[in-house]
Each structure stands twice: as C-alpha cells, then as structure tokens.
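Letters A, B, ... are given to chains in the order of the sequence lines, protein chains preceding strands, and every chain is numbered from 1. The structure presented is a predicted model; accordingly, all values stated were derived computationally and were not measured.
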Amino acid sequence: MHLTSRKPIPAGADISADEGKGTANVKPSKLEGKVLAELLEKCRSGDRSAQQRLYDALSGKMFALCLRYMGNRESAQDILQDGFITLFTKIGSFTGEGSFEGWARKIFVNTALMSLRKNDILKASDPLENAYDLRTEIPSQMQNIGYKELLDMISSLPPGYRTVFNMAVIEGYSHREIASELGISEATSRSQLQRARMMLQDKIREL
Amino acid sequence: MQEIDNKEFDLLVRGMMQDAEEEAPSEAWSAISTGLDRVAPMRKRVPMSWIYRTVAGVAVAAGLAAAIIIPRKDSSDPTPVEIAANPDISPIQPFTPSPEMSDPTHPSPVTTKPSGGSTGRNLLAQAPIVQNNGSPSQEDTTTPVDTPAEDSTSEAESVVTSSPDETPLTALAPFPEEESPSTPDETTHCDPFAVAQWDESAHSSSQGLSLTVGGNLQSNGDPTQRGGIVGVMRSPGRNSTTTISENGTSSEFAIPLSVGIGARYYLSNRFALGAGISYSYLARTFEGTYREVSDGQVTRNVSGQIHHTIQYIGVPLGVYFDVLKGDWVSLYLSGGGSVEKAIMNKYTISNDPSDIHYSDPAGGLQFSLGVGGGVQFKLSPLLGLYIDPGIRYYFGDQPRSIRTEQPVTFSIEAGLRFNFGAKR
C-alpha cells in the first residue's frame with residue numbers, strides 16, 4: 001500500500017541560515033540537538049525572530065493537529081494562535097526532558113480540548129454492549145488517499161467522534177485517559193472510537 | 001481487498017497523520033505576535049552578569065545601610081566604672097545593628113506570576129515522531145507504538161505517553177459530564193496548562209512576591225524643644241535614683257534613619273499587601289543634667305551635652321495600589337502603619353575623664369500610620385530601584401525623640417526591590 005505524505009525534510013537542516021530575515025527558507029520537520037537548544041534559548045529571552053522561526057518549524061504540524069480537532073479552518077486558526085501564545089509564554093517550563101514537539105503537541109491538544117469543552121463536544125451515546133474487533137476490508141481507494149484527504153475526512157467527523165479518534169488513534173491516549181479528560185466513561189470512549197472508525201471507513205469508500 | 005482489524009487501521013491512519021502538515025494561514029503569525037505583545041513580557045532568562053550585578057547592588061546597599069546605622073563609637077572605653085556604684089543601672093552593651101532592615105513595602109509592578117504558572121503539571125511526554133512508514137523514530141524510547149486498548153481482552157494500550165519518565169495523563173483533572181459551557185477561567189482548573197491559557201487578566205496579573213531593601217530618611221524640621229526629666233531609673237529595694245533631665249535650652253535632632261527588608265504579595269493585578277521588618281535609629285543631642293542620688297544624697301551631678309539615641313525594631317504593614325505600570329517605570333500609592341519596639345534607649349553624657357553611659361529601657365510600643373506614593377525604576381527583570389515619599393504620623397508613649405516632638409513627619413524612602421517567584 002502506498003501512503004502519500006509529504007517528503008520529510010532532512011533532519012538538522014540549518015534554520016539559522018536566514019538569521020535576521022524573520023523566516024527560514026528551510027522548515028525542518030524536526031528540531032533537535034543544538035539547533036533546537038539555541039532556538040529555545042532565544043525564544044525564552046523573547047527574541048521575536050527566534051519565535052517566528054520556531055513557529056515556522058512547527059506551524060504546519062500544529063495546524064494539521066488543530067484541523068483534526070476543530071473540524072474547520074476558522075476554529076483551527078484560533079486554536080493555533082492560542083496554542084502558540086501559550087507555548088511561547090510557557091516555553092520556560094520546558095526542561096528538555098522528552099521531545100519538544102511532543103511537549104508542544106500537548107499544549108495544542110489541551111488548548112483544543114478546552115475549546116471543545118466549552119461547546120459540550122460529546123453527545124450522549126449508548127455504549128456498545130460488547131466491544132468487538134471490527135474486521136473490515138480496506139477500501140481500494142485508500143491506496144490513493146493522501147494525508148490531506150484523510151485530514152479532511154477526520155475533520156468532518158462529528159465533534160465527539162473526532163475528538164476521541166484523534167486522542168486515541170493519533171495522540172495515543174488510553175481510554176481511561178480520554179474518559180478522564182473528557183468526563184465520559186471508558187465505555188463511551190470506546191464506542192465513540194468505534195463509530196469514528198466506521199464513519200471514516202465509509203467516507204473512504206465513498207471516494 | 002485486504003482485511004484488517006482495528007489496530008491495523010489505526011496504525012495506517014496514525015502513520016499518515018502523525019507527521020501531517022497543513023500550511024497555516026498567512027495572517028496567523030501576525031495575530032500570534034500581537035497576542036504576545038499584549039501578554040506581559042515573557043520573563044527573560046537573566047544572564048549571569050545581571051545576577052552578579054544584582055548581588056553587587058545588594059552588597060553596596062547593605063554596606064551603605066550598615067555605614068549609616070552603626071552607632072558612633074565613643075573615644076573612651078564604655079566601661080561603666082563611674083556607674084558601678086549603682087549596680088541596678090544596666091551595663092552598656094555595644095549594639096550591633098542587624099543587617100539590612102528597612103521600612104519596606106511598595107508595589108512592585110514587575111512581580112510576575114508565580115510559577116505556579118507552573119501550577120500546571122509537567123506533562124512532558126516523548127511523543128514518538130512516527131515516520132510515515134509507521135515505525136517509531138529514533139527519539140522514541142518507549143515501546144513500539146501500539147493502538148489504544150479497545151476492549152478488556154486487549155490491553156495493548158498505546159504507550160506513546162507511557163514512558164517511564166512521563167507524567168500519566170490521568171493526572172489531568174476529570175471534566176464534569178454535566179458541565180454546561182463555561183468561560184475559560186472556569187475550566188482552566190482541569191488543564192495543566194490552565195495558567196498558561198491566554199487570558200488577558202491572567203497574563204497581565206502581577207501576582208508574586210517581591211523583596212525590598214531600603215532606607216528611610218525623615219524630616220526633623222522644627223520640633224518642640226522643652227525641658228524636664230527625660231529619664232529616671234530607680235533602684236528597687238535601694239534608696240537610689242538616677243535621673244537625666246533636659247534643660248530645654250538647646251537640642252538638636254538628627255535626621256531619623258530607617259532600613260529594613262520586606263516582602264509584598266499581590267492579591268490582584270494592582271493591589272498588594274506588604275509586611276516586613278524595619279530598624280530605625282533616632283538620635284538627638286541636648287543640654288541636660290545627669291544626676292545620681294543615693295540615700296538622699298547627690299552622689300553625682302554632671303551637666304553638659306547629652307547624646308540620646310533610640311533604636312527600634314518594627315513590623316510595618318501596608319497596602320499598595322499600582323497607578324501606572326510600565327515597562328521601565330511604575331507609579332503607585334501606599335498606605336499602612338507599623339508597630340515598633342524600642343530595643344535600645346541610651347544616653348551618653350559627656351564627662352571628663354570618661355563619658356557616662358546610661359540606658360533606660362523603653363516600655364510600650366511606637367505606633368505609626370502613613371500614606372504616600374512612589375516610583376520604581378526597573379533596572380533588570382529582577383531588580384528595581386524605588387523612591388517613595390510619604391507622610392507618617394507617630395503616636396505612642398515613648399521616650400522623647402523627634403517622633404514625639406514632631407509626630408507628623410515627611411519621609412523619603414529609597415531602596416532596591418527584588419522580584420521573586422512570579423512567572424508570567
């Protein structure tokens with residue numbers, strides 16, 4: 001199966017090449033090592049150009065994350081902005097343990113969840129009495145689906161299904177954690193995930 | 001067609017979406033930049049050079065304060081030879097002033113939020129950078145990514161966030177199911193990044209702790225000069241009395257000096273409460289008479305210049321209100337009072353061959369109330385220089401001093417203010 005995705009940018013790309021220009025020509029998909037450390041140091045000191053470089057490096061992934069959670073570009077942009085403001089405000093609390101991108105993702109996930117909570121994201125749903133292992137057929141169309149199409153499909157899911165699907169499948173939360181975060185039962189979390197899968201597969205077949 | 005189960009489907013989707021990117025709107029950065037400008041300036045990492053300068057500034061301030069408050073040393077050895085005849089007279093104890101204590105408390109506009117901004121939990125997690133082929137990246141030290149638990153029979157929960165050093169996501173507070181839509185502030189308690197939630201009131205809050213070291217000079221304009229006995233010591237069980245009397249014809253009051261250290265805590269964006277410890281030094285010189293009487297007989301009578309000093313330790317309390325808060329300067333109003341206890345009340349009578357030292361314990365407390373304002377200049381993220389003019393009223397039954405003769409005084413306080421703990 002061929003999965004379409006963006007070609008990854010070589011790690012360790014020199015983002016300092018455009019020092020002072022505000023934006024880097026190269027947007028590394030992953031910041032690491034000394035480059036990241038120096039950039040974070042500048043961001044902590046309030047260097048706006050450094051903040052913009054970090055934004056340029058992360059905005060693509062984070063906006064995709066926001067789209068997955070919020071379902072529309074307007075809301076996703078709001079979450080993107082709020083998330084980055086939070087990130088730069090709290091950047092001093094990143095101690096270097098673990099992945100910075102992972103730390104950043106959590107900020108955006110939490111920002112999105114807080115926004116979704118306000119709108120009572122999950123509708124009451126009857127938990128499946130017996131969770132079952134769905135075996136299905138991969139639609140042939142999935143071979144030609146790009147991430148953009150899949151992103152659109154995920155974004156079009158109902159808010160409750162979409163949130164649980166994102167948290168469980170992509171972010172990797174356990175059902176216990178999802179239940180705790182969203183104030184639902186674990187059974188509800190599982191049923192929401194199952195329904196999300198089913199809807200997503202139906203959408204894939206409709207292509 | 002190929003059949004797969006849920007796990008495989010999830011892996012496929014994750015592989016495609018984990019590193020997916022979508023170009024952000026072009027206007028997003030400008031909005032973020034504007035938002036950052038509105039948020040209080042990020043705390044900057046204080047370069048080590050600033051720390052050294054701050055320490056040097058404190059040392060200089062402490063040195064100046066010590067130089068001011070150390071009592072004059074008499075040329076003669078204060079051996080109470082001549083007062084040994086009255087064993088009840090307190091021997092003169094050389095007083096070593098406590099290091100920097102001042103009259104504290106003024107708003108510190110640069111106090112930052114407590115790092116309880118860091119009240120949130122640290123949820124640093126090593127989210128795996130899953131490559132598009134689905135395999136974990138080299139950074140992933142956790143076990144291979146797995147699908148979340150689907151049912152009780154399959155406990156292969158994703159370990160994306162369960163590496164040994166990570167805080168479990170169960171640390172997140174549960175969100176009530178029945179909760180109706182609420183303002184961000186009402187839900188922020190559920191989120192470890194809640195304090196970082198961009199809320200104008202939260203980000204503009206200057207809650208935090210500041211420490212003040214400073215000195216205070218008060219006026220001694222035209223105090224009342226009057227005579228009378230200013231000190232009487234009676235020996236219990238013995239028919240002897242030592243008195244000091246002031247003839248009221250000539251006296252000079254030195255400018256009162258105070259130093260202290262204090263702390264201030266912001267209750268809101270503009271209001272703060274402060275408390276501290278202060279040390280005050282009062283001095284005056286007058287023409288008077290020192291007389292010792294025993295069994296009805298005057299055993300000693302010395303007239304001349306008498307130097308009188310009083311030292312107080314006090315606890316000032318105050319309320320502060322920020323009127324104007326800028327990046328480099330702030331203006332504020334203050335009001336409050338203090339309670340002081342005299343720890344030394346000493347008279348030095350000029351005499352030949354050696355001066356006479358006489359201490360008269362001062363009972364009671366010195367109270368004061370005051371109002372004033374102030375301006376603070378931000379020298380560094382941690383350090384500010386403040387100047388506070390004010391008016392203070394003193395009352396209480398205390399030994400005669402500038403405060404009893406001129407209860408309402410104008411004062412100028414200046415010092416350094418250090419900001420701690422508040423992260424913004």
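Counting heavy atoms from C-beta on, the side chains of Q194(A) and N6(B) come closer than 4.5 Å. Considering only heavy atoms from C-beta on, Q18(B) comes within 4.5 Å of R105(A) through its side chain. With contacts defined as side-chain heavy-atom distances shorter than 4.5 Å, the pair V13(B)/R197(A) does not qualify. Inter-residue side-chain proximity for Q52(A) and I32(B) is flagged as unmet; no heavy-atom pair is nearer than 4.5 Å. Between L36(B) and R48(A), some side-chain heavy-atom pair lies under the 4.5 Å cut-off.
Both the backbone and the side chain of Q81(A) have a heavy atom closer than 4.5 Å to some heavy atom of chain B. Proximity to chain B is absent for every atom of L65(A), based on heavy atoms less than 4.5 angstrom apart. Within the 4.5 angstrom heavy-atom criterion, atoms from both the backbone and the side chain of L80(A) approach chain B.
Looking at every heavy atom in both residues, R73(A) comes nearest to E23(B) through NH2-O, 3.6 Å. Here the closest heavy-atom approach between residue A20(B) and residue A64(A) is recorded as O-CB, 3.4 Å. Closest approach of P25(B) to Y55(A), counting heavy atoms only: O-OH, 4.0 Å.
For D152(A), the side chain to side chain donor-acceptor pair (under 3.5 Å) criterion is met by no residue, not counting sequence neighbours. Under the ring pair (Phe, Tyr, Trp, His ring centres under 6.0 Å) criterion, F271(B) pairs with F321(B), sequence neighbours left out.
Between W29(B) and F88(A), the two ring planes are perpendicular [angle over 60°; tilted spans 30° to 60°].
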